[in-house]
Amino acid sequence: SGELSAEEVSLSEWFGSDIAGFAKASSVKLDGTLEKPKISAEIEARDVVAYDVAIDSIMAFGTFENDIVEVQAGTVRIGKGSASFGGQYSLDRKLGNAQLTFDQLPLARIQFPDTDLGFGGTASGTGNITVDDSGLTSANLDTKIIDLSVNGEQIGDGSLAVALNDKLWT
């Protein structure tokens with residue numbers, strides 16, 4: 001067993017070119033055996049760009065044991081908004097899930113591919129996602145939108161339920 005820390009860990013080297021920035025890992029604790037390691041760590045990253053979304057900070061506490069990476073508590077800050085998340089990912093099966101709660105996420109900071117639309121306002125709500133080695137496979141989000149605008153045109157407030165199943169968004 002032992003403890004270590006790491007500074008300036010490249011996120012793109014770990015997660016691919018869609019995620020840029022650097023993280024530091026503090027309070028990394030190693031336990032178990034070489035065949036069955038147990039690792040816990042606190043991770044912090046600032047000024048991250050993930051899938052064209054500028055993220056101010058990410059903080060997470062997680063563990064690794066028996067091929068499972070688990071985040072018990074994570075927080076993402078984007079502008080004045082935040083999201084809390086937790087979930088698991090199996091490295092052997094390449095399958096994972098996460099639950100999230102988000103509050104006042106600024107829509108202007110979120111990019112929507114293949115569209116020239118610019119959005120304003122904030123989103124708050126809850127959701128869950130499932131991923132595999134190909135990326136996002138399913139999602140369910142219940143969202144409340146405040147002060148929605150599209151290309152500068154004020155729309156108003158409302159609720160939105162979004163789901164991804166079988167590669168189809170509804």
Side-chain angles (χ1 to χ4, degrees), residues 1-107 109-111 122-145 160-165:
S1 80
E3 286 192 37
L4 61 99
S5 63
E7 302 269 338
E8 298 296 317
V9 176
S10 171
L11 296 175
S12 59
E13 286 185 28
W14 278 80
F15 300 108
S17 61
D18 289 325
I19 301 176
F22 292 91
K24 74 176 184 177
S26 59
S27 302
V28 179
K29 295 182 180 157
L30 307 171
D31 214 347
T33 65
L34 286 176
E35 293 80 26
K36 291 192 176 231
K38 297 178 184 178
I39 303 169
S40 65
E42 289 181 36
I43 309 287
E44 179 181 349
R46 298 204 179 279
D47 302 320
V48 173
V49 177
Y51 300 96
D52 296 323
V53 176
I55 298 170
D56 298 317
S57 68
I58 302 171
M59 298 181 71
F61 175 77
T63 59
F64 171 77
E65 184 175 1
N66 296 326
D67 104 299
I68 303 291
V69 175
E70 182 174 4
V71 174
Q72 282 99 10
T75 303
V76 174
R77 298 224 181 270
I78 302 174
K80 294 181 181 178
S82 65
S84 300
F85 64 94
Q88 295 183 342
Y89 186 82
S90 168
L91 296 174
D92 285 344
R93 294 179 32 213
K94 301 195 180 326
L95 183 65
N97 62 67
Q99 302 74 42
L100 58 141
T101 301
F102 46 100
D103 186 46
Q104 298 182 9
L105 291 179
L107 296 176
R109 297 264 298 263
I110 300 171
Q111 302 296 313
T122 62
S124 300
T126 60
N128 58 67
I129 63 170
T130 303
V131 297
D132 66 15
D133 59 344
S134 69
L136 185 64
T137 58
S138 71
N140 290 291
L141 301 171
D142 290 313
T143 307
K144 180 157 176 82
I145 307 291
L160 179 66
V162 178
L164 169 65
N165 291 302

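Because the structure is predicted, anything quoted here is derived from the model rather than measured.
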Residue pair T63 / Q72: nearest heavy atoms and the distance that separates them: OG1-NE2, 3.3 Å
Test item: side-chain donor near acceptor, S26 and E44, under 3.5 Å: no
Gap between atom CD of E42 and atom NZ of K24 - 0.5 Å precision: 10.0 Å
Where A50 and I55 come nearest, the two heavy atoms and their spacing: CB-CD1, 3.9 Å
Pairwise distance CZ(F102) to OG1(T126) - rounded to 0.5 angstrom: 6.5 Å
Closest approach of V71 to F85 (non-hydrogen atoms, all atoms of both residues): CG1-CE1, 3.7 Å
Spatial distance of atom CZ (R109) from atom NZ (K80) [nearest 0.5 Å]: 12.0 Å
Over 12 foreign heavy atoms within 6.0 Å of CZ, R77: no
CG on N66 to CG on L91, rounded to 0.5 Å: 11.5 Å
Considering all heavy atoms, the nearest S124-D103 contact: OG-OD1, 3.3 Å
Interatomic distance, L141 atom CG to L160 atom CG [nearest 0.5 angstrom]: 8.5 Å
Close side-chain approach of P37 to L30, heavy-atom, < 4.5 Å: no
Check against side-chain contact (heavy atoms from CB on, under 4.5 Å), L107 and I145: CA-CA 9 Å; L107 296 176; I145 307 291; 4.0 Å; yes
Derivation and outcome, side-chain contact (heavy atoms from CB on, under 4.5 Å), residues Y89 and I68: CA-CA 6 Å; Y89 186 82; I68 303 291; over 6 Å; no
Nearest heavy-atom neighbours spanning D56 and G79: OD2-N, 2.6 Å
Nearest-0.5 Å distance, NZ of residue K94 to CG of residue D132: 10.5 Å
Heavy-atom pair with the smallest gap, counting every atom of A123 and T143: CB-CG2, 3.7 Å
From V48, D18, I43, residue fulfilling side-chain contact (heavy atoms from CB on, under 4.5 Å) relative to L11: V48
S90 versus D67, side-chain donor and acceptor atoms under 3.5 Å: yes
Partner of T137 by side-chain contact (heavy atoms from CB on, under 4.5 Å), out of L164, V131, N97, T130: T130
